[in-house]
Number of protein chains: 2
Amino acid sequence: MFRLTKLNSNVFQSINNSFGKRFISSSTPSDKFFLNSSALVIEKTKEPKKKQTDKTKLVFGKDFSDHMAVVEWDDEKGWGVPKITAYQNLSLPPSASVFHYALECFEGMKAYKDKDGNVRLFRPMENMKRFNDSAKRICLPTFNKEGCLDIIKKLVKLDQDWIPEGKGYSLYLRPTLIATQKTLGVGAPHSAMMFVICSPVGPYYPEGFKPVRLLADDKYVRAWVGGSGNYKLGSNYAPTIFPQLDAAKKGYQQVLWLLNDQITEVGTMNMFVLWNNNQDELELITPPLSEGTILPGVTRDSILKLAHQWGDFKVSEKNFTMSELAKAIREGRVKEAFGAGTAAIVSPIKSINYKGEEYPIPINEAFGAGPVTKKFADTIMGIQYGEIKSDWSMVI
Amino acid sequence: MFRLTKLNSNVFQSINNSFGKRFISSSTPSDKFFLNSSALVIEKTKEPKKKQTDKTKLVFGKDFSDHMAVVEWDDEKGWGVPKITAYQNLSLPPSASVFHYALECFEGMKAYKDKDGNVRLFRPMENMKRFNDSAKRICLPTFNKEGCLDIIKKLVKLDQDWIPEGKGYSLYLRPTLIATQKTLGVGAPHSAMMFVICSPVGPYYPEGFKPVRLLADDKYVRAWVGGSGNYKLGSNYAPTIFPQLDAAKKGYQQVLWLLNDQITEVGTMNMFVLWNNNQDELELITPPLSEGTILPGVTRDSILKLAHQWGDFKVSEKNFTMSELAKAIREGRVKEAFGAGTAAIVSPIKSINYKGEEYPIPINEAFGAGPVTKKFADTIMGIQYGEIKSDWSMVI
């Protein structure tokens, strides 16, 4: 009976595997999609690196901590033994499909050190869930979220001296999953590698908010219905760099991405507007996830949940166009606008260029952001650094 | 005067470089975007590999020849010294932006051995042009096309014993360009690497054409207006694998990609239909390049040029919808349909599933393809193997 169960189970996995459906969750260690974090091997570095002593000089994603986590997968043996090793180069055949077909996805999250010296993560299971969803979308192997998070926790604990102290400082974590398949046929990879690297980073706004000017882009489109803009895939980033540089050349810090005039995202962040809507209600509005064109940001979700909890204004996840927004700005109905993401938490917007015209958005001069924008930033940061008690902050 | 010209020229390059505009073509070796193939260094392998002795067992992109070409670029020194070395792994930091943001593009081309033992390429400058266009779209460094082709020619000459003999056999060439930038900020890379690898391949149809069944997909969209579907970027491939496997599960060999019901591509090929159109004219139709949603295939272009030359039917590059095609099939007006690409030249289509209904397309039982489809295949293959005289075939 046991043999039969085993056999069936294997066939089922193999069928699903062939068709890229690797979302069968199982807690049995024999499962090909089970990441066994308890088997983790730690090989400490013999040559610890020098840390940047002046933490104000930290540049996002430039320095990396002493260690990295690596675990390989193949479709015969499943996930291998996870390792923490010295931060080092990857050696891959030039035919590896990550170099050709963008079979890669990633996450962005941070480890914070609170006043008492505790190390904290912010809603990390949300990142694990999205990481898994991204992997599935491009036929990379999925994994048990707990196993992946456990490996990340162990890596962060080992390299906790790399977390710069002080509010706004953190260790940026970059879990990444790539296809290592070494043949050129376009298809689901038979081998893959997950790795996690850590980079000490400073506050996004070391001297207070710096509101940004946006260029609403009607030439380039970031994501569309039927595409994959709602997953954190490498493929969503490469095509956005040229338009972003084009906007920079014209003096705008970010692109406001449109899809048939609908507002979708701002730069690599989710977009929020606080306005008096057509019904003269004070409303916080952000584009909905339902059409698959918006990245489900963890900060986005946190802002929505806080807003619902506060009850100070109507909260809507629904489409709105740049024309509607321009009209509302012209009529003085827009109170605040900001981008939201892991790097900055919130990024206040002071103006939008749309079809050659500038649309200014109010900014409180004292803070460099509107009061609601600032309240979101203060609350989320307070939770991240353990100053505000919340289930969202996990001490590790 | 010379100094001033130099200075201006450098400033100009630096400005364009910052904004991703690296399309300045220059023939001065000091140019950052000049690939100096005359400086090529050849380091022959000391351990030549065993070749597959049974050429009928060759699998696309599985075996690779003894050597590869590599050349690195950085935005201070420009393109470095090109090298031909033993086929070997690449060593890259885990932070390299090719792993995170899909900063990668490639080409697909073939080297053929004709009856007299000459080695031939097919319209290789077309690939060089597209390779450059792809690089520019994602802010990777551009290069002089002649320099890149010269390196490829030298690689193919060195590894010419790897070109399997016989019509239909060839050495598949994969020029690839990746960002090696080792910081995580999303932006134009300051360093990159170009490499070329070679894989001996057999005929796409060893035993005559095998017409395919397509699933017209209205759920997933490959490319959209304002996107980057008209460039050969890695990012256009990853999101297509899941839909392709989904189609395979349902018994279809390829996805017919739609955009608002408009036909765009078939699998990784361009789509052609020969039909009696609404005006009862015999017409070869393929979607146009003007909207930026179609890859400008070299085979596509060759077919269009041959068709114009033959003058046997009307030739149109214009949009047509799946509904129109379904109606035409129902009315018996569709004569032939096929995909076109480097791998297969042409791939005859025998049926399309659209909204749950099967639409059969005539296939000549004797050939496994319609007569026009077969004539395109025979002509192009004849040119590729030097049996038909043409400027399109370049002896190297």
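Because only heavy atoms are used, hydrogens play no part in the values below, and waters and symmetry mates are left out as well, while side chains stay in. Just so it is clear: chains get the letters A, B, ... in the order the sequence lines come, proteins before strands, and each one is counted from 1.
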*State whether K250(B) and D246(B) are salt-bridged, where the test is any N-O pair (Lys NZ or Arg NE/NH1/NH2 against Asp/Glu carboxylate O) under 4.0 Å.*
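Yes.
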[X] (side chain) donor-acceptor with [Y] (main chain) under 3.5 angstrom:
X	Y	result
K49(A)	F64(A)	yes
N127(A)	G108(A)	yes
N270(A)	E265(A)	no
D159(B)	H67(B)	yes
T45(A)	E47(A)	yes

[X] and [Y]: which non-hydrogen atoms are nearest, and at how many Å?
X	Y	result
A96(A)	T180(A)	CB-O, 4.1 Å
A192(A)	L177(A)	CB-CD1, 4.3 Å
A102(A)	I138(A)	O-CD1, 4.3 Å

Give the member of [options] that has the highest number of heavy-atom pairs under 4.5 Å with chain A.
options	answer
V186(B), V221(B), D218(B)	V221(B)
R174(B), K219(B), M68(B), K232(B)	R174(B)
A238(B), A223(B), C105(B), G227(B)	A238(B)
L90(B), T268(B), T183(B)	L90(B)

Using non-hydrogen atoms only, which part of [X] is less than 4.5 Å away from chain B: side chain, backbone, both, or neither?
X	result
Y231(A)	neither
F195(A)	side chain
L92(A)	both

Quick one: of [options], who has the most non-hydrogen atom pairs under 4.5 Å with chain B?
options	answer
H100(A), K62(A), Q88(A)	H100(A)
S235(A), G226(A), A343(A)	G226(A)
G187(A), S97(A), G185(A), S199(A)	G187(A)
P94(A), G267(A), G61(A), G234(A)	P94(A)

* Asked: Hey, which residues of residues 253-261 of chain B are touching chain A, say heavy atoms under 4.5 Å apart?
  ->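 From residues 253-261 of chain B, none sit under 4.5 Å of chain A.
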Select one option (side chain, backbone, both, neither) describing which atoms of [X] are under 4.5 Å from chain A's heavy atoms.
X	result
T176(B)	side chain
L103(B)	both
S228(B)	side chain
V59(B)	neither

### Query
Looking just at side-chain N and O atoms, do S347(A) and Y205(A) make a donor-acceptor pair shorter than 3.5 Å?
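Yes, because at least one side-chain N or O of S347(A) sits under 3.5 Å from a partner of the opposite role on Y205(A).
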| query | Side-chain donor-acceptor pair under 3.5 Å between D74(A) and S191(A), yes or no? | reply |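 Not at all, the side chains of D74(A) and S191(A) share no donor-acceptor pair under 3.5 Å.
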Next item on the list: Kindly indicate whether the side chain of F106(B), heavy atoms from C-beta on, has any atom under 4.5 Å from the side chain of Y237(B).
Entry: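 Yes, at least one pair of side-chain atoms sits under 4.5 Å.
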Are I263(A) and T321(A) packed together at the side-chain level, in the sense that at least one heavy-atom pair is separated by less than 4.5 angstrom?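 When only atoms from C-beta onward are counted, T321(A) and I263(A) do not touch, as no gap falls below 4.5 Å.
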